[in-house]
Every structure is written in structure tokens, then in C-alpha cells.
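Both counts, for ligands and for their atoms, begin at 1 and track the order of listing.
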Amino acid sequence: MKSTFYVTTPIYYVNDVPHIGHAYTTIAADVLARYHRMKGQKVFFLTGTDEHGEKVQKTAARQGLAPRELADRVVTRFQGLTPALHISNDDFIRTTEPRHYASVQDLFRKSLGNGDIYLGEYEGWYCTPCESYWTDLQIVDGKCPDCGRPVEKRKEPSFFFRLSKYQEPLLDYYEKNPAFIRPESRRNEVVAFVEGGLNDLSVSRTSLAWGIPIPGHPGHVIYVWYDALTNYVTGVGHPDGGENFETFWPADIHMVGKDILRFHAVYWPAFLMSAGVAPPLGVFAHGWWTVEGRKMSKSLGNVVDPYQMVETYGADAFRYFLLREVPFGLDGDFSKKAMVHRINSDLANDFGNLLNRTLGMLGKYFGGTVPAPSLAGEEDLALIALSREVLSAVDAAMENVEFHKALSAVWDLVKAANRYVEAQSPWTLAKSPADRERLGTVLYNILEAARICVLLAAPVVPTAAQKMWEALGCEGEVAKALVSSAGAWGGLRSGVTLPKSAVAFPRIEE
Ligand code: MSP
């Protein structure tokens, strides 16, 4: 196992406030970061905001603000996601910070120096009122796709990146690193795209003011995607290098939505190769959410606000739902009904109750003090064996970035523990003094199974897991425990006195 792990989210445009899509990528990255910390790896987790470019400039203008003012206002909404959603990022980068200007200009200068960036002329369909270029594919009946007014062919001087030169090196990189682009289906799409041939890419604009200037070439600003992608190296100390860069670059995984995969899997590694910096090790593209069966949009008024979700359902429940409901990588539908169902059935009934009712029995039969288990019977051994299988299933799923599978494996153990309760029937054992030792063993085993579930579910439901961890008499932070310790049955301490109940997941009234 590598001793370090570097995971990123896309950096979000500040022309809009956060919605479920932003929350989704950030939560997924957070769960990976937390899981890898619990594997004992040294983790760096970066998120941030993309503050330059036309979109931001235009939105600011519409609101009568300078772009920087707009960014300063909106960035707080993205930074606020960290506490609200229990995100454990190590840094938050804004592309308007001086460290990022230095980083982008350095990378750009290197490719300019070796001839991979050259001055040419950009030609496209221009909409004067919108101040935007469009491609042949974007215009609609010769009109601007945004405002519907006629567009005209226009040229401007522009720097180009020699992307065409990187077709072979990219294909070679994909071949040698089969896990670079995931999931597999997306990888095939990207490979086919690159095999189809690559055009050089315009990487500067003279028609836009809100961006990073190119030193020595007044009037040009760097194209927003070149600027934005570079955040991933800036965040670990590029161009100065230093300990973080040495330790964490190349990044292990860039978590992105499927719409921005091409930028990450084609352009970004090519920019880096050209500048002599190692490309990232992985990019994972997740799917998109619709809301109650419809595309999410402002005009439909169905945009899901993550802050509101947290207020209504709690951060842990929201996190759990997003990662459990839909296989990671596929599209999914968000509905309140499905969410409430998941919360009540998986979290409150299956998981929460397992602990809560066992604590109740422990209180009733043993005054809350955890008994020492005695010799294990067949059913006990089956539960122990299952806990080990679940640990390896969770690990395999997490390594493959299959959150739904990891959670479903944890719930196999939750459900098995619930079945064990029914089968062992502690309330019957409690009736006969001769069964007292067996009763103690049974309660111990249930609580130990619950402890292992808590450990394995902690990256997804960190706050509830901590609460349950403490209710089980475990010391310290569950986030600092090692997942591998789930493989050693018997970690629950005997002799400690536990509370008579602990409600980690309240039921939601339908
Ligand atoms: N600024 C660029 C990224 C630059 S990264 C170097 C950008 N920003 S964004 O704010 O528009 O969106 C970022 C993320 O939100 C993307 O990963 C995108 O896939 C995700 N989503 C936006 N809407 C979404 C859904 N409806 N569902 C799931 N994710 C969605 O792109």
C-alpha cells in the first residue's frame, strides 16, 4: 500500500451557489479521504473555487459587481459546505490567490518555452452582445445558443497548446495505466475520443479581462480551464516544490462529474507532460442527479440546496443517501421519498436500532456493564467470519471507488447482526439463570458486530459513527482508528458501563 493519498474535488464556479451536484462530488471525495486516513495513509484532500472566466465575469456584471466582489461573496457559500457537510478537506484553494497566479504562469511559461504553446489566431462564431465565442456545434441555426441573436465569424490572436502532439503519449499513458480513467465505460469513451485525433487547443483570450495575465503578452489572459486545472498542483505547493509537492504529487484521484472528464483525462495530463510534471494517477467520473425525475434547473425551481438538506435530514443521512442510493459512476434520481425511506429503513431501523435496542438489553440485564464473552458457538463463529469477509469486501469496494458496494457490504453485517439477535433471542435467555453466561456472550457479540459496523461506516456517517463509538465505550475518535482493526474480533472492552440508549439516527416522519 502506498503511504500517501491525494484526492481532489473540481473547483467550483462562483457564478452560482452550491447545489446537490457540488455536494455530491465533495462528499464522495471526503469519504475517500476519510477512508484512506483510516487505512493509515497520509492524506491530502483539496477543494476550492474557480473564480476566473467569462461566466463569472458576466454574472458579476449582471449584478453590478466587480468579478472579485462576486467571488468574495459566493466563496463563503462553498467554504461553508465544509462544516455543514462534515467535509475534512486539508486546504481550500481560490484561483484568485497569488500562489495560484505564480503556479499557472510557471506552467504556461514552460510550455511556451519549449514551443508547445505558440501564438496563432482563434476563429469562431462570435456573439457581440454576449461577448462569447461558439463552435459550429454549439450555434443553433446560425444563432447564439444563449441569447438567440445572430453570430458572426470572428478572429482574434490566441495562444494555442499543441495538443495534437500529445495524442500518442496520452494513448500510451492510458494503456500503461488502465485504472487512470474510471469507471471503465468512461475510459473507453475517452480513448475513442483521443484516437479520433486531437486539435490544438486555444489557451488564451484577448476578448476577456477576468483571468490570469500572460507575462510579456499584455492583452492576453489564460483560458479558464488551463487556469482551473492547475489548481491541483498549486494546492500542494507548485511551483516552489517543497514537502507537500514531494509527498503528494502526482494526485491519486481527481473526483469529477462526467461532464468535465475530458478536461481532466485529456487536456490536463497533456499540459503536465509538456511542462515536465508527472500526470495524475487517476480520474473518476461520477454521474448526474435528476430531481424527482426531472433535470435540475433554476427555471424549474427544483434545485436541491445542500444546506437545506442538512437542516432537514442531517449531514450524515444526506451523505449516506447520496452514496448508497446510486451505483457510483451512474446517473441517479433524487427524491424525498427515496431519501426518507433510506433514512428510516437503513439508518434508523437497521443500524441505529441494532445498537439502541442492544444497549437497552444490556442496561436491563447487566446494569449496562459489558460482560466478558465466553466460548464461541457455531452461530457466533459465523458472525465473526462474516465480519472479516465484510472488511475485505469494503476494502475492495473502496479501492474501486464503489461506495454503494462498500455500504451494502457493511449492511450485510448490520442485517446479519439483527438476525443473530432474533435467532439468539436474548429476552428468552434472560428468563433462565442457567443461560446467564450465554446471554452475556450474545450481547457482547452483538455489540462487537455493531462496533465493527460503526468503524466501517464512519467515513460516510462520521458524526453518528462517533456518537455510536462513544456509546460503545470506545476511546478517542473513530476517525483515528484503523479500518484493519475491524478484522480483529474482540476489540470491544468488557467491564465498561454503557449508556442505556443511544439514538444516532432519528426517524423522519413521512
Ligand atoms: N469550474 C469547473 C471545474 C473545474 S475543475 C478544474 C466546473 N465547476 S461547476 O461548479 O460547474 O461544477 C462542478 C461539479 O458539479 C462537476 O463535477 C459537475 O459534474 C457537478 N455537477 C453539476 N450538476 C450536477 C448534477 N445535477 N448532478 C451531479 N453532479 C453535477 O465545472
Kindly confirm or rule out a cation-pi arrangement of R262 over F193, judged by NZ or CZ under 6.0 Å from the six-membered ring centre and within 45° of its axis?
yes
N/O pairs closer than 3.5 Å, ligand 1 and protein:
residue: ligand 1; atom: 1 (N); partner: I11; partner atom: O; Å: 2.8
residue: ligand 1; atom: 1 (N); partner: D50; partner atom: OD2; Å: 2.7
residue: ligand 1; atom: 10 (O); partner: Y13; partner atom: N; Å: 3.2
residue: ligand 1; atom: 10 (O); partner: H22; partner atom: NE2; Å: 3.2
residue: ligand 1; atom: 17 (O); partner: G257; partner atom: N; Å: 2.9
residue: ligand 1; atom: 19 (O); partner: D259; partner atom: OD1; Å: 2.5
residue: ligand 1; atom: 19 (O); partner: W288; partner atom: NE1; Å: 3.2
residue: ligand 1; atom: 26 (N); partner: W289; partner atom: O; Å: 3.2
residue: ligand 1; atom: 27 (N); partner: W289; partner atom: N; Å: 2.9

Neighbour count >12 (heavy atoms, 6.0 Å) for atom CD, E121
yes
Within a 6.0 Å radius of atom NE2 on H404, are there more than 12 heavy atoms belonging to other residues, nucleotides or ligands?
yes
Looking at D350 and R342, does any basic side-chain N land under 4.0 Å from a carboxylate oxygen?
no
Using a 4.5 Å cut-off on heavy atoms from C-beta on, say whether the side chain of P280 contacts that of W268.
yes
For H22 and Y13, I'd like to know if the aromatic rings sit close, meaning centre-to-centre distance below 6.0 Å.
no
